[in-house]
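Within every chain, numbering begins at 1; the chains are lettered A, B, ... in the order of the sequence lines, protein sequences first and strands thereafter.
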Protein chains: 2
Amino acid sequence: MDHVDKILAQWRRERPDLDVSAMGLLGRFTRLRTHLGREIEKTFTDHGLTSASFDVLAALRRSGPPFQLSPGDLLATTMVTSGTMTNRIDQLEKAGLVERLDNPDDRRGVIIALTSEGLKRVDAAVSAHVANQHRLLSELSPQEREALDALLRKLLAAFE
Amino acid sequence: MDHVDKILAQWRRERPDLDVSAMGLLGRFTRLRTHLGREIEKTFTDHGLTSASFDVLAALRRSGPPFQLSPGDLLATTMVTSGTMTNRIDQLEKAGLVERLDNPDDRRGVIIALTSEGLKRVDAAVSAHVANQHRLLSELSPQEREALDALLRKLLAAFE
DNA sequence: GCAATTTATCTTGACGTCAAGATATCTGCG
DNA sequence: CGCAGATATCTTGACGTCAAGATAAATTGC
């Protein structure tokens with residue numbers, strides 16, 4: 001009987017016409033997402049980052065040397081709007097973690113490049129982040145983690 | 001090979017020291033959450049609501065007649081700060097969907113009451129929302145939904 | 001080769017959220 | 001009874017996000 005079960009019991013009493021099984025699953029999903037998000041955020045805070053800034057730095061880092069991508073490339077990996085990406089890059093540039101370079105091939109565009117400080121920061125952050133992610137899933141056995149991943153993959157495939 | 005697999009492949013190439021299995025699961029979780037959240041939001045928009053306002057109206061609705069709770073009660077069910085709740089109530093009050101009543105037992109506090117318009121609105125919205133939730137999970141079989149719910153429940157229990 | 005369209009990025013204004021703190025009231029203890 | 005600490009709610013200021021649209025440059029098709 002968790003928090004979500006109590007909510008479902010209330011709905012069954014007040015609106016017995018509703019089939020609340022999907023609401024239970026999605027309610028747990030949402031609450032879990034909030035808890036996980038807050039825990040993950042803490043690790044980034046320890047490294048002077050946020051989820052938002054880490055997403056951008058991580059995309060640059062894992063793209064490999066020379067750690068440069070266009071804002072459009074970054075948009076494609078991050079599920080945010082162009083205005084949000086402009087803002088993220090502005091913040092990271094102010095913090096000295098990335099810089100905007102002229103794009104020699106397209107004068108409309110720019111190239112976002114990780115600075116050496118940005119590289120150091122993201123490498124440290126990702127190590128801590130990965131360790132933290134394992135901690136957050138440590139309640140599940142390896143088999144359970146695999147089953148959960150497979151189910152999420154299947155559901156996600158419907159959207160992408 | 002979904003979007004998350006591509007990200008993991010990049011990390012394996014650039015940072016082979018990292019065990020990215022947890023990152024895969026959590027990455028799918030996060031992307032799925034974004035897709036689901038956007039789809040759910042659309043249904044609320046159709047009813048002149050947002051997830052935020054629906055959360056409040058739904059808590060009042062499922063509490064049963066007389067559809068009244070204190071801001072503190074609402075806080076306990078919604079995982080937001082008191083400032084956020086004040087703002088949500090302000091918006092709903094402006095929209096005529098709830099009203100603030102004096103709390104006769106505690107002059108510090110107020111009682112938030114669903115208006116008749118609020119009741120109509122949330123009853124219509126929750127019906128559409130439940131139908132939409134089933135649609136969003138229709139890619140999974142009943143067995144898969146049950147398995148997913150059980151795994152989410154187990155993981156959520158670690159936080160609540 | 002030029003006009004029309006598309007593309008890449010940035011700007012603007014509005015929201016929703018949070019952390020920290022303010023205010024008013026209640027409660028328990030001496 | 002009266003005061004210290006707890007509690008309920010609201011205020012303030014800062015962020016991150018989005019939708020819509022602006023700007024400038026590249027591309028397409030005639």
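Side-chain to base pairing of B/Arg108 with D/dT7: one donor and one acceptor N or O lie within less than 3.5 Å of each other. Residue A/Ser82 places a side-chain atom within donor-acceptor reach of the base of C/dC10, judged by atom type and a 3.5 Å distance cut-off alone.
The residues A/Asp90 and A/Arg100 are annotated as salt-bridged, a charged nitrogen and a carboxylate oxygen being separated by less than 4.0 angstrom.
When the nucleotides D/dC10, C/dT9, D/dC18 are ranked by their closest atom to the side chain of A/Thr86, C/dT9 comes out on top. Of the candidate nucleotides D/dA8, D/dC10, D/dC18, D/dA8 has the atom lying nearest to any side-chain atom of B/Asp106. Among C/dA19, D/dG16, C/dT9, the nucleotide with an atom closest to any side-chain atom of A/Thr50 is D/dG16.
A donor-acceptor pair under 3.5 Å links the side-chain atoms of B/Ser63 to the main chain of B/Leu60, judged by distance alone. Side-chain N or O atoms of B/Asp73 include one that pairs as donor or acceptor with a backbone N or O of B/Ser70 at under 3.5 Å.
If you measure from atom CG of A/Asp102 to atom C1' of C/dT9, you get 13 Å, rounded to the nearest angstrom. For the pair A/Arg100 CZ and C/dA8 P, the interatomic distance rounds to 16 Å; values are reported in whole Å. Atoms CD (A/Gln91) and P (D/dC15) sit 8 Å apart, rounded to a whole Å. For the pair B/Leu74 CG and D/dT7 P, the interatomic distance rounds to 19 Å; values are reported in whole Å. With rounding to whole Å, A/Met85 atom CE is found 10 Å from C/dT9 atom P. Rounded to whole Å, the distance from CG on B/Leu92 to C1' on C/dG16 is 13 Å. In this structure, B/Asp55 atom CG and C/dG16 atom C1' are separated by 12 Å, rounded to whole Å. The distance from atom NZ of A/Lys42 to atom P of C/dA19 is 10 Å, rounded to the nearest whole Å.
Comparing A/Leu75 and B/Met79 by the nucleotide of DNA chain C whose heavy atom lies nearest to each, the residue mapping closer to the 5' end is A/Leu75. Each of A/Ala52 and A/Arg107 was assigned the nucleotide of DNA chain D with the nearest heavy atom; the assignment lying further toward the 5' end belongs to A/Ala52.
Phosphate proximity of C/dA19 to B/Thr81: absent, as no side-chain N or O sits under 4.0 Å from OP1 or OP2.
Using a 4.0 Å heavy-atom distance criterion, B/Gly109 is classed as a sugar-phosphate-only contact. The residue A/Asn87 sits close to a base: some heavy atom pair falls under 4.0 Å. At the heavy-atom level, B/Gly72 lies under 4.0 Å from the strands shown only through sugar-phosphate atoms.
You'll find the side chain of A/Arg28 reaches within 4.5 Å of the side chain of A/Asp5, heavy atoms only.
Here the closest heavy-atom approach between residue B/His47 and residue B/Ala128 is recorded as NE2-CB, 3.4 Å.
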